[in-house]
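Residues: numbered from 1 along the sequence shown. For ligands, and for the atoms within them, numbers begin at 1 and follow the listed sequence.
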Amino acid sequence: MSAPLIQLVDIPQHGDARGQLSVAELGCALPFVVRRVYWIHGTKPGVSRGFHAHKQLHQLCVCVSGSVRISLFDGRREESVVLDSSAKGLLIGPGLWREMHDFSPDCVLMVFADAEYAEADYIRNRAEFIKYVAR
Ligand code: T46
C-alpha cells in the first residue's frame, strides 16, 4: 500500500480568552529549517493557482484564514484536501504536482519553504512532470 499523498500535521494552538496563537516550530509542526515564507491572499473569484511541481523543495502550507482546496498528483494518484483551519498544515515534498482551487475570498495561505525561491526547481508543464516522475 502506498503512503498517502496528503500529509497533514497538527499546528499547536494556544487559545485563551484573548483569542488564538498558533505555532509552527522546528521539530514540532515544522520538519525542516525554514529559509523562506510567503503567503497567497486576495485571490480573485474562480481563480486557481499552482499547476506545477518542485524537484527539491519541501513546504508546509497553512491556511491561516478562510479555505482552499489543494490537490496533489504524483504521476499516478491524485488526492485532495480542503484546508480551512490554522490548526492543520499540509506538507508538500518534491515530485508532487500541486493545484490550488476554490479559494474563499478571505483565504490567506501561508507557506513555509526549506529553500529560497529558484525558478529552476519548478516543473511547470504537466506532460514534462509525468515524464520526470516516470524516470
Ligand atoms: C507552490 C505553491 C503552493 C517569487 O518571486 N518568489 C517566491 O518565493 C514565490 C513563491 C513566487 N515568486 C514569483 C514567481 C511568479 O512570478 O511570484 C509569481 C507567482 O508565483 P507562482 O505563479 O509560482 O505562484 P503559485 O501560487 O502558482 O505557486 C506558489 C509557489 O510558487 C509554489 O512554490 O508550491 O504556491
Side-chain angles (χ1 to χ4, degrees):
M1 184 111 138
S2 318
L5 304 183
I6 300 296
Q7 289 186 41
L8 293 172
V9 295
D10 291 323
I11 310 270
Q13 308 275 295
H14 300 277
D16 59 27
R18 297 169 295 175
Q20 297 295 324
L21 188 155
S22 309
V23 186
E25 186 170 12
L26 184 62
C28 188
L30 267 172
F32 51 77
V33 173
V34 174
R35 299 188 65 92
R36 176 167 54 105
V37 181
Y38 60 92
W39 47 99
I40 296 170
H41 54 108
T43 308
K44 303 287 183 259
V47 166
S48 295
R49 304 188 61 122
F51 301 94
H52 59 254
H54 283 281
K55 297 175 185 167
Q56 303 283 342
L57 192 68
H58 292 260
Q59 299 189 105
L60 175 72
C61 303
V62 184
C63 187
V64 296
S65 168
S67 62
V68 60
R69 180 170 61 85
I70 300 185
S71 73
L72 299 179
F73 174 60
D74 68 356
R76 291 179 305 124
R77 291 176 299 140
E78 180 161 6
E79 295 176 13
S80 74
V81 64
V82 174
L83 295 182
D84 60 2
S85 165
S86 63
K88 292 281 178 196
L90 174 66
L91 286 170
I92 309 181
L96 289 170
W97 184 264
R98 79 280 324 263
E99 297 179 9
M100 295 170 277
H101 302 284
D102 305 335
F103 285 89
S104 65
D106 59 345
C107 180
V108 180
L109 182 66
M110 183 151 299
V111 184
F112 302 89
D114 72 347
E116 293 84 351
Y117 174 73
E119 188 56 38
D121 190 62
Y122 285 72
I123 305 170
R124 291 192 184 268
N125 177 286
R126 190 177 164 104
E128 191 187 313
F129 166 71
I130 289 169
K131 273 194 210 156
Y132 178 83
V133 288
R135 291 179 318 168

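Here Glu119 has no heavy atoms under 4.0 Å from ligand 1, in either its backbone or its side chain. Heavy atoms of Phe51 found under 4.0 angstrom from ligand 1: none, in either backbone or side chain.
The protein heavy-atom contact nearest to atom 28 (O) of ligand 1 is His52 CE1, 3.1 Å. For atom 15 (C) of ligand 1, the nearest protein heavy atom (residue, atom name, distance) is Tyr117 OH, 4.5 Å. Of the protein's non-hydrogen atoms, His54 NE2, 2.6 Å is the one closest to atom 33 (O) of ligand 1. Atom 31 (O) of ligand 1 has Tyr122 OH, 2.6 Å as its closest protein atom, hydrogens excluded (heavy atom only). The nearest protein atom to atom 24 (O) of ligand 1, hydrogens excluded, is given as Arg49 NH2, 3.4 Å; this is a heavy-atom distance. The single protein non-hydrogen atom nearest to atom 30 (C) of ligand 1 is Tyr38 OH, 3.2 Å, given as residue, atom name and distance.
Under the 4.5 Å side-chain contact rule for hydrophobic residues, Val68 and Val9 do not share a cluster.
With rounding to the nearest 0.5 angstrom, the CG atom of Asp102 is 11.0 Å from the CD1 atom of Ile70.
Residue Arg124 has at least one heavy-atom neighbour below 4.0 Å for each of these atoms of ligand 1: 22 (O), 23 (O). Interface atoms of ligand 1 facing Arg36, defined by a heavy-atom separation under 4.0 Å, are 7 (C), 8 (O), 9 (C), 10 (C). Atoms of ligand 1 found under 4.0 Å from any heavy atom of Ile40 (numbered from 1 in listed order, with element): 26 (O), 35 (O).
Note on ligand 1: Glu116 sits outside its first shell, no heavy atom being nearer than 4.0 Å.
At a 3.5 angstrom cut-off on N or O pairs, Gly50 counts as close to ligand 1.
Contact annotation for atom 35 (O) of ligand 1: protein present (non-hydrogen atoms, distance under 4.0 Å). Under the 4.0 angstrom criterion, atom 6 (N) of ligand 1 counts as having a protein heavy-atom contact. For atom 18 (C) of ligand 1, the protein comes within 4.0 Å by no heavy atom at all.
The aromatic ring centres of Phe51 and Phe129 sit 6.0 Å or more apart.
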